[in-house]
Amino acid sequence: MGYTITEKILARAAGLPAVRAGQDIKAKPDFVLAYDFPGYTDVYFKTMKEDFGIERVAEPERFGIFIDHMVPTATAKEEELHINTRSWCAENNVPLFERHGIGHQVAAEVGYATPGAFVVHFDGHVSQLGTFGTLAIGLRRNVMEAFVSDTVSIRVPDTVRVNLRGSLRPGVMARDVFHHLVRRLGPSSCRFQVLELGGPSVAAMSTEGLQTITGLAMFTGALTAIVNPDPVRLDYALPRARKTLEPVSSDPDAHYSAVHDIDLSDLEPIVVAPPTPADTRDLTEFLGLEINAGYLGSCASGRLEDLRAAAKVLEGRRVKTGVSLHIVPTSQELMAAAAREGLVSTLVEAGAFVSSPSCDYCFGRIATMTAGQRAVSTGTLNVRGRMGSPDSEIYLCNAAVVAASAIEGRIADPRPYL
Amino acid sequence: MTETTLNMPAMKGRVAFIFDEVNFDVDQIVGVKNIKITDVAELAQVAMQAYDPDFAKSVRPGDLLVGADNFGYGHPHYPPMKAMRHLGVTGVIAESFSPGYWRGEVSMGFPQVSCPGILGFVRRWDEIEVDWAAGVVRNHTQGTEIPFEPLPQADAEMIEAGGLVPFLKRQAAQQREQKDHAHVPGI
């Protein structure tokens with residue numbers, strides 16, 4: 001029986017000829033990534049020194065730190081945290097990416113999405129590196145193991161294979177594909193497993209769309225998501241790769257714990273209703289519901305195809321008075337590309353407030369809502385209090401729906417505008 | 001099985017509460033508006049208000065919680081289970097767990113046991129016990145037992161060690177020892 005891409009990557013990282021799902025191993029991550037946030041990196045740095053006597057990391061090229069939260073800072077304390085992060089990186093010779101954009105996106109841009117690599121992070125949305133055949137797992141606090149030791153203790157996960165066929169209709173985007181997966185398979189369908197995307201439609205899907213789908217994998221219970229790298233993805237990733245590795249793919253006779261087929265051609269735009277990432281509904285159920293805010297951004301959506309969709313809807317139109325539409329491109333690289341394409345001017349002229357990349361809109365540190373307010377959002381999550389008051393509401397949807405809703409001041413179907 | 005060789009913490013007590021909601025968001029235990037409270041005594045006071053206002057009065061040290069499928073789904077934070085531990089709760093047994101929640105609590109050294117069938121196996125206030133060596137949950141009130149899923153090696157070791165940092169310290173010490181042995185000359 002053949003091996004999954006996950007088993008192949010973990011076998012190499014564990015220094016073993018082969019591993020199988022279910023096996024407990026110690027694997028050496030090729031890259032250890034983190035963003036600075038109070039209680040995360042500051043704690044790792046302190047613990048390394050005080051509890052383990054580690055003054056310097058042994059292989060700084062294996063690490064990467066991103067300053068993407070609290071950007072720009074609003075308090076002196078936040079700036080102090082950044083100062084500490086900058087000095088730790090400088091002292092350790094560890095690459096630091098500050099104000100390049102949201103780390104999970106920037107990680108791909110700067111070559112941590114090396115096909116065949118094993119990557120760990122605190123945060124589960126790092127799964128989007130799976131787009132490039134990288135196995136990227138969010139370990140929560142256990143990522144500390146990767147900071148104090150060469151290896152992480154991990155059980156080789158099983159894999160759920162999802163085959164995509166057919167193509168999307170206008171107004172339907174990668175966001176809808178992912179949330180449709182949650183609706184079809186269930187919010188625990190891939191629990192403790194890897195979601196592997198395949199099938200005839202993957203090659204035709206945009207890299208950005210795949211980043212959206214893989215990045216949200218945790219809401220199926222998956223540890224991460226991965227795609228067998230194809231020429232398009234390799235063309236992006238290999239010239240940027242920080243490490244020379246042989247890209248690997250699942251064998252045709254690999255074992256999957258489940259295989260699902262999803263036809264994309266009959267999907268409709270969807271909405272994920274608050275307060276759970278599992279409550280996926282048809283957009284039509286919520287049409288007309290009044291909104292106060294729109295947010296287009298985050299590590300999940302906010303890339304060029306999202307900005308293009310919004311610009312198409314907003315071109316020559318205006319955001320309704322009283323609605324705040326925040327548009328935050330996912331990285332500086334993408335923002336510059338959007339500016340060159342003229343998307344930024346279209347969005348700004350329509351009344352959108354366009355900001356430089358930052359994680360802060362997604363978790364409500366800025367553009368906070370008060371009790372009784374309602375947002376449409378391409379952020380990652382819609383739980384209570386995510387964007388401010390626990391008594392405000394977040395409806396997750398695709399970028400075109402956000403734009404159409406901002407024009408009408410209520411949840412709207414983007415298709416008449418396209 | 002790994003667990004038999006480890007000195008796992010005792011899990012014996014009453015079923016203090018059964019969360020029968022699938023995909024249960026643990027933040028609801030203290031309420032989202034209280035999630036930023038850092039004082040654990042204060043957290044314990046607000047815990048379970050929405051479910052059983054007398055919870056703090058009725059819970060006893062050693063009691064256990066029972067959950068449904070995908071317990072801990074959403075965006076779980078640490079305060080709810082900090083409050084539960086402060087009230088004396090020693091672990092959670094659920095039909096299954098959401099990975100993010102599982103990892104977070106195991107790294108705190110708080111025992112989590114995945115046991116398909118647990119919802120139909122216990123009633124509130126039954127006296128139950130996790131027998132780590134035998135791999136079963138026993139219901140002493142009803143005189144029955146049910147197998148649970150063995151833990152991944154590292155998770156079992158982390159719970160035994162009392163959490164992530166003691167686990168990593170022990171691991172580092174073991175690695176140093178192995179290195180020292182490897183360098184003993186002439187043997």
Side-chain angles (χ1 to χ4, degrees), chain A residues 22-26 39 43 47-48 50-54 122-124 137-157 186-193 218-224 275-279 363 371 380-386 389-391, chain B residues 2 21-28 30-36 38 68-78 94-109 114 149-158 161 163-176:
Chain A
Q23 199 173 332
D24 289 312
I25 57 165
K26 286 192 192 302
V43 172
T47 307
M48 286 168 82
E50 291 177 6
D51 291 322
F52 296 90
I54 302 170
F122 173 93
D123 187 298
I137 302 184
L139 294 174
R140 305 263 292 180
R141 284 188 178 182
N142 292 2
V143 78
M144 184 124 68
E145 187 175 4
F147 277 86
V148 302
S149 127
D150 280 353
T151 58
V152 293
S153 311
I154 190 169
R155 176 171 280 186
V156 180
S188 63
S189 52
C190 304
R191 220 161 22 82
F192 288 102
Q193 306 184 68
M218 67 164 79
F219 300 120
T220 64
L223 298 181
T224 189
T276 157
D279 193 10
F363 70 102
T380 54
L381 201 52
N382 61 349
V383 294
R384 283 191 187 94
R386 176 73 175 175
S389 165
D391 299 314
Chain B
T2 315
E21 190 184 323
V22 173
N23 303 319
F24 181 68
D25 170 7
V26 295
D27 288 1
Q28 302 310 315
V30 293
V32 175
K33 67 178 192 304
N34 297 314
I35 215 82
K36 286 182 181 156
T38 50
D69 265 318
N70 210 22
F71 185 83
Y73 185 68
H75 190 68
H77 296 89
Y78 294 104
E95 291 281 333
S96 65
F97 291 88
S98 179
Y101 165 82
W102 170 279
R103 282 230 164 94
E105 295 303 327
V106 168
S107 77
M108 301 294 283
S114 178
E149 292 176 354
L151 273 71
Q153 168 95 8
D155 292 351
E157 286 180 24
M158 207 173 284
L164 176 63
V165 172
F167 164 76
L168 293 177
K169 279 187 176 168
R170 192 165 69 180
Q171 189 169 271
Q174 281 164 355
Q175 277 163 3
R176 268 197 306 274

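Throughout, a chain's letter reflects where its sequence line sits, starting with A, and its residues are numbered from 1. On a predicted model such as this, the values are computed, not experimentally measured, just so you know.
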Exercise for the section: Can you tell which part of Arg155(A) gets under 4.5 Å to a heavy atom of chain B, answering side chain, backbone, both or neither? Expected result: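 For Arg155(A), the contact with chain B is made by the side chain alone.
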Are any of the side-chain heavy atoms of [X] and [Y] separated by less than 4.5 Å?
{"X": "Pro152(B)", "Y": "Phe192(A)", "result": "no"}
{"X": "Arg103(B)", "Y": "Val143(A)", "result": "no"}
{"X": "Asp27(B)", "Y": "Arg384(A)", "result": "no"}

Problem - Among the listed options Ser153(A), Pro187(A), Gly385(A), the residue most often paired with chain B at heavy-atom distances under 4.5 Å - result: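 The answer is Pro187(A).
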Within this structure, what is the [atom1]-[atom2] distance for the pair [X] and [Y], rounded to the nearest 0.5 Å?
{"X": "Asp24(A)", "Y": "Leu151(B)", "atom1": "CG", "atom2": "CG", "answer": "10.0 Å"}
{"X": "Thr220(A)", "Y": "Tyr73(B)", "atom1": "OG1", "atom2": "OH", "answer": "7.5 Å"}
{"X": "Lys26(A)", "Y": "Gln171(B)", "atom1": "NZ", "atom2": "CD", "answer": "3.5 Å"}
{"X": "His75(B)", "Y": "Thr380(A)", "atom1": "NE2", "atom2": "OG1", "answer": "7.5 Å"}
{"X": "Trp102(B)", "Y": "Arg191(A)", "atom1": "CH2", "atom2": "CZ", "answer": "10.0 Å"}
{"X": "Asn142(A)", "Y": "Asp155(B)", "atom1": "CG", "atom2": "CG", "answer": "7.5 Å"}

Practice task
Quick one: do Asn23(B) and Thr276(A) satisfy side chain to side chain contact (heavy atoms under 4.5 Å, CB included)? Show the steps, please.
Solution key: CA-CA 9 Å; Asn23(B) 303 319; Thr276(A) 157; 5.8 Å; no
Handout entry: Closest approach of Pro390(A) to Val32(B) (non-hydrogen atoms, all atoms of both residues)
Key =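 Looking at all heavy atoms of both residues, the closest pair is CB-CG1, 3.9 Å.
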